[in-house]
2 protein chains.
Amino acid sequence: MLTDRQLLIFQVIVDDFIQSAQPVGSRSLSKKDEISFSSATIRNEMADLEELGFIEKTHTSSGRIPSEKGYRYYVDHLLSPQRLGKEDVYRVKSIFADRIYELEKIVQKSAKILSEMTNYTSIVLGPDLGENKLKKIQIVPLNEQTAIAIIVTDTGHVENRMFQLPENIDAGELEKLVNILNERLSGVPMDQLHNKIYKEVAVLLRQHISHYDYMLHSITETIKAPAGEKLFFGGKMNMLSQPEFHDIDKVRNLMNMIEQEKGFYDLIRHHHSGIQVKIGRENNNEAIDNCSLITASYSVGKERLGTIAILGPTRMEYSRVISLLHYFSKDLSAVLTNLYQNENRG
Amino acid sequence: MLTDRQLLIFQVIVDDFIQSAQPVGSRSLSKKDEISFSSATIRNEMADLEELGFIEKTHTSSGRIPSEKGYRYYVDHLLSPQRLGKEDVYRVKSIFADRIYELEKIVQKSAKILSEMTNYTSIVLGPDLGENKLKKIQIVPLNEQTAIAIIVTDTGHVENRMFQLPENIDAGELEKLVNILNERLSGVPMDQLHNKIYKEVAVLLRQHISHYDYMLHSITETIKAPAGEKLFFGGKMNMLSQPEFHDIDKVRNLMNMIEQEKGFYDLIRHHHSGIQVKIGRENNNEAIDNCSLITASYSVGKERLGTIAILGPTRMEYSRVISLLHYFSKDLSAVLTNLYQNENRG
DNA sequence: ATTAGCACTCAACGATTAAGAGTGCTAACA
DNA sequence: TGTTAGCACTCTTAATCGTTGAGTGCTAAT
């Protein structure tokens, strides 16, 4: 449908615009090494490309910029899978170099490094804690009125919460409570705990524990906290350096969206396998109308854990970001699989 | 040194400018109810006020705006201690209304509410964890290679870290280790733990525990994390709505400073008692040249725990923010004293 | 001591102009 | 027939220039 020459011209336009953020004119194109024909010819071809909807003008006599349809075509057909630079590879490796074993810290550091490498904003969706299984519950009394309940999951996630003790409870009883809980609940997925407690454990507790109702309430309150996934951002402010965000109102819109988190959560969680590119209004969200979102997922073994995403202007470096994300998600998955797969079966 | 009339005019100028962000002219002043004399008189007085350095012009024929010296005088001498509105009182109370007992969550929620109430940026410096005393150390093995170390302090702060177990360590030995640690280290301030371990506990461990050196290293790594205080921000983006930050570069400077945290840490930690107002360049920091920082501290009993601060444009509502912070720090201190003083002695 | 009056200044705004980058179209060319 | 040189035209950008209005400082009258 497009001639080779049109393809060439189109590609050069996109590459140039990604780099310069300025509309590309026929004259400046004709000077490029890749291009051997005159500006007049280019103008003709550009007129065709515009008619086909791949490029557009910002005003009647301006150079051309890629349209959203253009970016889509560029991403789908024109992107040669680029090899990641040595430095980039090194940088990614560095995340896993020093001994971090906590999933949450790895995820957080990933977000930070990704944003630094790209100068865009990174968003990492952490794993769903609801699927984690309970490893251990512990209660540490601080004094006569207060105690800390601590729960540890099989992936090493720790959640804690302070609560008030009923009056005159003795240490032995507290220990008994904890023992019962651990005995009955160990290995149960977090999101089923609440149910299981009320269906099976409550009866047991009523028999053995005084203040049964009060304690039960405190424990379940502690447990229900860590449901769902958590979002981590990196380089929230990087967008400020992008010329498309010189307008304060756009910045405010974007920042509002970031602060509310919910919007991104919806955008990111539905993720098919492989790398996904959503361009501009494809995201269906006004606040990021002139942004693109590139997502990939990471996993332990075959089980998908979460999503990594890079948010940049539609004029973003698709090639680089895609290969980076591709490499990154593979590497992260490998490390995590190595780290956690044994554990879950250990 | 200033006549009553100059004082009146000055006060009205500041109040007006704080509200409108526009230079105040003699004509618009003369129309105010408080002011009964003509614009010409006002012009004369304003000329004097300018000569004294309290107000300045943005250009030769503009109205006047307060200078930094002017704001200083306004804050020091012209501010009548305003009573907090009913709604505000209610709002502050709401922070402590639902049962939150964790210090960190209280602090975080405080930052959020303060920024919402003022539409400025709030910064809360959490308590120095180094002074917390160790309550309990626990180790939860996840599988054969990995375990989680958890430390709980007397204020209920929980810190945790994953580490690799040495091969073939048995559960009994792990338990012995934990027992020794708790026996010897319970009640020791966090920032002295490291020392104490190497001076007193290391010898003991060497006698009883195999893999002594490896485990010791892992434990001390876990312990050294929670040194120092932590900063919490609220309403980072509120400044975007202030007209003085319509310039993207200023926004970038400010945000860089916020992201680095260090700058604010230095600004806030040195705090004398009472409420402190630092205006514009008094803060000695270019990124917040046209901002003022109002700080107050909160405490448990007599012991100062941390600092609350509000960052706004120099043109901020000093009166309101000061009374809010005053009330807030008193209330927060009362709640915390009530909550923790018993515990520390319990 | 106060104020009315007036000349003066300056930012903000709109209109005008000139330069420059780019286009579309036409006609000549290979 | 595809390519290109040439040219008229468009539109942005930046600079220039009045014009308006808000505000000032000074002077002279009250």
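So you know, we letter chains A, B, ... as the sequences are listed, proteins then strands, and number each from 1.
In this structure, B:R64 pairs ionically with B:E50, as a charged nitrogen and a carboxylate oxygen lie closer than 4.0 Å.
Between A:K57 and the phosphate of D:dT12, there is no side-chain N or O to OP1/OP2 separation shorter than 4.0 Å. Phosphate contact (OP1/OP2 of C:dA21, side-chain N/O of A:R64, threshold under 4.0 Å): absent.
Shown here are the ring pair (Phe, Tyr, Trp, His ring centres under 6.0 Å) partners of B:Y71, two or more places apart in sequence or in another chain: B:Y318. Partners of B:S61 by side-chain contact (heavy atoms from CB on, under 4.5 Å), not counting sequence neighbours, listed by chain and number: B:H59. Residues satisfying the side-chain contact (heavy atoms from CB on, under 4.5 Å) test with B:R252, not counting sequence neighbours, are A:L240, A:S241, B:I248, B:D249. In terms of the ring pair (Phe, Tyr, Trp, His ring centres under 6.0 Å) criterion, residue partners of A:F264 (sequence neighbours excluded) are, by chain and number, A:F233. Scored by the salt bridge (charged side-chain N to carboxylate O under 4.0 Å, His left out) test, A:D76 finds A:R72 as partners (sequence neighbours excluded). Every residue two or more places apart in sequence or in another chain that forms a side-chain contact (heavy atoms from CB on, under 4.5 Å) with B:E259 is listed here: A:M237. Residues satisfying the ring pair (Phe, Tyr, Trp, His ring centres under 6.0 Å) test with B:Y73, not counting sequence neighbours, are B:F54, B:H77.
Contacts classified as ring pair (Phe, Tyr, Trp, His ring centres under 6.0 Å) and involving residues 19-43 of chain A (residues at least two apart or in different chains) are not found.
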What string of B, S and - do you get for nucleotides 11-17 of chain C 5' to 3' if you count protein non-hydrogen atoms under 4.0 Å?
S------
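Residue-environment remark: NZ (A:K112) stays at or below the threshold of 12 foreign heavy atoms within 6.0 Å.
Protein atom CD1 of B:I55 is 14 Å distant from nucleotide atom C1' of D:dG25, rounded to whole Å. A:I9 has its CD1 atom 11 Å from the P atom of D:dT4, to the nearest Å. At whole-Å resolution of the value, CZ in A:F17 and C1' in C:dG22 are 16 Å apart.
Contacts between residues 19-53 of chain B and DNA chain D, defined by a heavy-atom separation under 4.0 Å, are made by B:G25, B:S26, B:R43, B:M46.
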Any protein N or O atoms within reach of nucleotides 28-30 of chain D? Criterion: under 3.5 Å, listing atom names and distances.
none

What's touching nucleotides 28-30 of chain C from the protein side, N or O pairs under 3.5 Å?
none

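Contact check for A:V92 versus A:L324: side-chain heavy atoms found under the 4.5 Å cut-off. In this structure, the side chains of A:P81 and A:H326 stay at 4.5 Å or more apart for every pair of heavy atoms. Side chains of B:V24 and B:M46 form no contact here, defined as non-hydrogen atoms less than 4.5 Å apart.
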